[in-house]
Amino acid sequence: MREFPPRRIVCLTEETVETLYLLGEQDRIVGVSGYAVRPPQVRREKPRVSAFTSADIPKVLALEPDLVLTFSDLQAQIAAELIEKGVAVHAFNQRDIAGILAMIRTLGALIGASEKAEALAQTFERRLAEIAAATLGSPRPRVFFEEWDDPLIGGICWVSELVEIAGGKDVFPHLRSMKAAKDRIVSPEAVIEAAPELILASCAGRRSCPRRSGSGPAGMRSRQCAIIGW
């Protein structure tokens, strides 16, 4: 980094944007992903410089960032281009709840706000423990989380973990070990066979709904299954 702690940060994915706001460190953010929507004011306050797998490199460079935050191998090319230009880049790769909490703590360390990050992480840990305790002994509905509708893609590991913490039973628990979305593809027939009682449909980057839900229209409406989209 050009200096520590970094004063000018560009976030190329949403979760680091939201975390910096939660830490009260949003003034450091000088550019964000076009997918950043939380908190709502971020779309008014911060210039958008990237999608997910592409970025406006000249625009990022014009912001003179001390640090650029990226996520996963899907942004490896963006990171490489920025590194070649002499920009400091940190790539996160969280896939489960433990990884998310580690991301919060690591981000805090990167910006010189370790105590605030630790407090935030502990708040989330306590809340998750409270929710898990509240669901003990309750019936566990069978749940399918639809991350994408065409092809049908099941939820990433942290989603599966949250389903179970909240009192549900993931109908495809084996998918949580699959990091890549392409490895979590399932057929509509497999979803029907798994007989979920609840389908949560959430398509990244656009609003989902039961009418468009790939697992919903054909087979699940004839069964007693709630389908919730957002």
Side-chain angles (χ1 to χ4, degrees), residues 1-96 99-114 116-117 120 147-151 153 156-159 178-185 202-208:
M1 284 184 282
R2 294 177 178 177
E3 61 177 270
F4 182 84
R7 293 183 302 109
R8 302 178 63 81
I9 300 174
V10 170
C11 303
L12 299 187
T13 52
E14 182 178 0
E15 68 279 356
T16 49
V17 174
E18 186 172 6
T19 301
L20 286 169
Y21 270 88
L22 289 171
L23 293 174
E25 298 290 344
Q26 63 271 16
D27 289 348
R28 300 176 189 267
I29 303 173
V30 294
V32 300
S33 160
Y35 291 110
V37 295
R38 293 192 303 269
Q41 63 265 34
V42 69
R43 297 188 70 83
R44 302 190 305 269
E45 296 176 347
K46 307 298 180 180
R48 295 183 288 278
V49 298
S50 73
F52 185 59
T53 58
S54 63
D56 187 331
I57 300 299
K59 195 170 183 178
V60 173
L61 296 174
L63 293 171
E64 300 183 339
D66 301 312
L67 177 64
V68 174
L69 302 173
T70 70
F71 171 74
S72 90
D73 58 304
L74 295 176
Q75 294 192 328
Q77 184 57 47
I78 300 172
E81 290 185 48
L82 292 170
I83 291 169
E84 288 175 356
K85 299 294 185 181
V87 178
V89 177
H90 184 90
F92 287 104
N93 207 17
Q94 69 275 4
R95 307 281 178 163
D96 53 18
I100 292 170
L101 295 170
M103 178 275 290
I104 293 170
R105 291 178 166 108
T106 301
L107 179 55
L110 285 170
I111 66 169
S114 293
K116 289 196 289 186
L120 179 62
E147 185 175 300
W148 194 253
D149 61 349
D150 187 17
I153 298 175
I156 197 170
C157 183
W158 62 265
V159 170
M178 307 298 181
K179 294 182 178 180
K182 65 180 178 61
D183 295 326
R184 299 195 304 276
I185 294 174
S202 175
C203 295
R206 60 183 173 89
R207 184 174 294 276
S208 182

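- Under a 3.5 Å cut-off, the side chain of R95 and the backbone N or O of K179 do form a donor-acceptor pair.
- Here the shortest heavy-atom pairing between L69 and F92 reads CD2-CE1, 4.0 Å.
- Contact annotation: the side chain of T13 approaches that of F52 to within less than 4.5 Å [non-hydrogen atoms, C-beta and beyond].
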* Asked: Which is it for E25 and L20 under the side-chain contact (heavy atoms from CB on, under 4.5 Å) test, yes or no, and what are the steps along the way?
  -> CA-CA 5 Å; E25 298 290 344; L20 286 169; 4.1 Å; yes
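- Atom CD1 of I111 is separated from atom OG1 of T19 by 9.5 Å, given to the nearest 0.5 angstrom.
- With Q75 contributing its side chain and L12 its backbone, the two residues share a donor-acceptor pair below 3.5 Å.
- Distance check: R8 CZ to R28 CZ gives 12.5 Å after rounding to the nearest 0.5 Å.
- Note that the CD1 atom of I104 and the CG atom of L22 stand 8.0 Å from one another [nearest 0.5 Å].
- Taking the side chain as every heavy atom from C-beta outward, V60 and P65 approach each other to under 4.5 Å.
- A distance of 8.0 Å separates CG of D66 from CD1 of I9, quoted to the nearest 0.5 Å.
- Counting all heavy atoms, side chain and backbone alike, V49 lies closest to V10 at CG2-CG1, 3.9 Å.
- Using a 4.5 Å heavy-atom threshold, the side chains of S50 and I78 count as separate.
- Put simply, the side chain of K46 gets close to the backbone of I29: a donor and an acceptor are under 3.5 Å apart.
- The two residues G108 and A117 come nearest to each other via the heavy atoms CA-CB, 3.6 Å.
- Counted within 6.0 Å of NZ on K116, heavy atoms from surrounding residues, nucleotides or ligands total more than 12; the atom is thus considered enclosed.
- Contact check on E14 versus R38 returns a salt bridge, with a Lys/Arg side-chain nitrogen under 4.0 Å from an Asp/Glu carboxylate oxygen.
- A distance of 10.5 Å separates OH in Y35 from CZ in R43, rounded to the nearest 0.5 Å.
- Of the possible donor and acceptor atoms, one in the side chain of K59 sits under 3.5 Å from a partner among the backbone N and O of R48.
- Closest of all the heavy-atom pairs between V89 and A79 is CG1-CB, 3.9 Å.
- Enclosure of atom CD in E45 by more than 12 non-hydrogen atoms of other residues, nucleotides or ligands within 6.0 angstrom is indicated.
- If you take CG on D96 and CD on Q94, they are separated by 9.0 Å, rounding to the nearest 0.5 Å.
- The minimum heavy-atom distance linking V17 with C11 is given by the pair CG2-CB, 3.4 Å.
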